[in-house]
Each structure stands twice: as structure tokens, then as C-alpha cells.
Amino acid sequence: MRYFIFLSLLIISCCDKSRKKGSVNGIWIPEVVDWKEGSFDTYYIKDDTVVIISSEQKKIKDSIYFRTEPGFNVAKGVLRPIAEGKYLLPHKSLYRFIKLKGANADGTFTDTVSVVSLKGTPVRLNINGINFIQGRLYTKESRESIISIVTEMVPDMEKHPEKFN
């Protein structure tokens, strides 16, 4: 009986690790960035939900600083699988620092996302032809700021869009 319980726990543990191993959860930034300009999209992915934050960012020595200038744009979408490792990402703008008029003024877009894995672990995302890597060099404060926008501001933006238009 002990052997059966041990074996069951081992199998469950292995299955759980393999599921986490292929996860694309995390903060993703372009692999190549013009750090003099520093304006780019940061993709925050948790499960199938994606929040895209466009802002000015700087790299000083080996650290990335998020939102180094006032203003940012926020969009949210859900990954929709279309093939193994390939997704469509329809997303809608929730907030824009600078309001746009005309084409796509409502801020609805669709990205294509491909996952590039090495031994079952995602190492790169290709989003609309641009390679993205995990944003591991953010300072602690910058990472907290990104998470705060995703967990606190985005739900408020969805609940009370009139406050952000």
C-alpha cells in the first residue's frame, strides 16, 4: 500500500512539473531593444490572460527600469490556441495616455504569438514577427509596478472604464 501511495505521488508530481515546465507565464520584453528610445510593449502573461503595457523604459547597467517617463498604454486579451505552440491574441485597449482618433480608435487588435521552446521550456515568444524573451532584468520596484498595474489597475479599468477615458 505504501508503495502504491509513493508511486501515485511521484506520478502526480512529475505531471505537475511538466505542466509548469511548458508555461509561458511571466513578463516578456522584446529581445532587441533600442535602449536610447526605450519605448516598447511589455507582455505580462498569466495562464491564458495577457496584459500589454506600452511605456518608456530604460536599461542602466544590468537593470531595466519600467515607466521612466510619465504615461503608458494598457491593453488586455486572451490567448486563443490555433495550433501546437501557436496562438491568436485578440486584445482591446483599456487605457491610453494619448487618445487616438480615426482608424482603430476603439483599440481592438489581434496579435499572432508563437512559442519557441527548448526541451519543453519556452525560451522565446515570437509576437507579430518580433522575438520576445523573459524580462528577468527588471528592478524589484519595476517588477512590482508591472504587477500592480496588472492586478490592481486593470481590474479597475475594466470595472470603471469611464474613469480612464
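Below, each value reflects all heavy atoms present in this structure, side chains not excepted, and no hydrogens, waters or symmetry copies. All of these numbers come straight from a predicted model, not from anything done at the bench.
Among residues two or more places apart in sequence or in another chain, the ring pair (Phe, Tyr, Trp, His ring centres under 6.0 Å) test is passed with F40 by W35. Remark: F66 pairs with no residue by the ring pair (Phe, Tyr, Trp, His ring centres under 6.0 Å) rule, at least two apart or across chains. Annotation: salt bridge (Lys or Arg N to Asp or Glu O under 4.0 Å) contacts of K86 (sequence neighbours excluded): none. For E141, the salt bridge (Lys or Arg N to Asp or Glu O under 4.0 Å) test picks out no residue, with sequence neighbours left out. Partners of T112 under the side-chain hydrogen bond (donor to acceptor under 3.5 Å, both in side chains) rule, at least two apart in sequence or in another chain, are N128. A search for salt bridge (Lys or Arg N to Asp or Glu O under 4.0 Å) contacts involving E69 returns nothing, not counting sequence neighbours.
Closest heavy-atom contact between P30 and F132: N-CD2, 3.4 Å. The shortest non-hydrogen separation linking S23 to P122 is O-CG, 3.2 Å. The nearest pair of heavy atoms linking G26 to Q134 is CA-OE1, 4.0 Å. Closest approach of V150 to P155, counting heavy atoms only: O-CD, 3.4 Å. Contact detail for S55 and G71: the closest heavy-atom pair is CB-O, 4.3 Å. Nearest heavy atom pair, residue R124 against residue E31, reads NH2-OE2, 3.0 Å.
When atom types are taken as modelled, the side chain of T151 and the backbone of I147 share a donor-acceptor pair closer than 3.5 angstrom. Here the side chain of R143 pairs a donor or acceptor atom with the backbone of G135 at under 3.5 angstrom. For the pair D47 (side chain) and T49 (backbone), a donor-acceptor distance under 3.5 Å is absent. A donor-acceptor pair under 3.5 Å links the side-chain atoms of N73 to the main chain of F97, judged by distance alone.
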Evaluate the criterion side-chain hydrogen bond (donor to acceptor under 3.5 Å, both in side chains) for residue pair S142 and T139; output intermediate values, then yes/no.
CA-CA 5 Å; S142 294; T139 63; 2.8 Å; yes
Pair T42, W28 - check side chain to side chain contact (heavy atoms under 4.5 Å, CB included), show working.
CA-CA 6 Å; T42 299; W28 296 84; over 6 Å; no
Please lay out, stage by stage, how E158 and K76 fare under the test salt bridge (Lys or Arg N to Asp or Glu O under 4.0 Å).
CA-CA 10 Å; E158 292 175 311; K76 183 178 178 185; 3.0 Å; yes
Walk me through whether I60 and S63 qualify under side chain to side chain contact (heavy atoms under 4.5 Å, CB included).
CA-CA 5 Å; I60 300 173; S63 298; 5.8 Å; no
Given side chain to side chain contact (heavy atoms under 4.5 Å, CB included), test V74 with V51 step by step and report yes or no.
CA-CA 7 Å; V74 179; V51 174; 4.0 Å; yes
Show the numbers, then the answer: is there a side chain to side chain contact (heavy atoms under 4.5 Å, CB included) between Y138 and Q57?
CA-CA 10 Å; Y138 279 108; Q57 304 181 48; 2.6 Å; yes
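The side chain to side chain contact (heavy atoms under 4.5 Å, CB included) test with Y43 singles out one residue from I29, L125, V24, D111, and that residue is D111. Each of V78, V113, D48 was checked for a side chain to side chain contact (heavy atoms under 4.5 Å, CB included) with L89, and the lone residue meeting it is V113.
Counting only heavy atoms from C-beta outward, the side chains of Y44 and I52 never approach each other to under 4.5 Å. Contact check for K59 versus L137: side-chain heavy atoms found under the 4.5 Å cut-off. Side-chain contact between I149 and I53 is present, with heavy atoms from C-beta onward closer than 4.5 Å. The shortest side-chain heavy-atom distance between S148 and M153 does not fall under the 4.5 Å cut-off. Taking 4.5 Å as the limit, every side-chain heavy atom of Y87 sits out of range of all side-chain heavy atoms of R80.
Both I146 and V33 are assigned to one and the same hydrophobic cluster, defined by single-linkage of ILVMFWY side chains at heavy-atom distances under 4.5 Å.
Note that NZ of K36 and NZ of K58 are 10.5 Å apart. Values are rounded to the nearest 0.5 Å.
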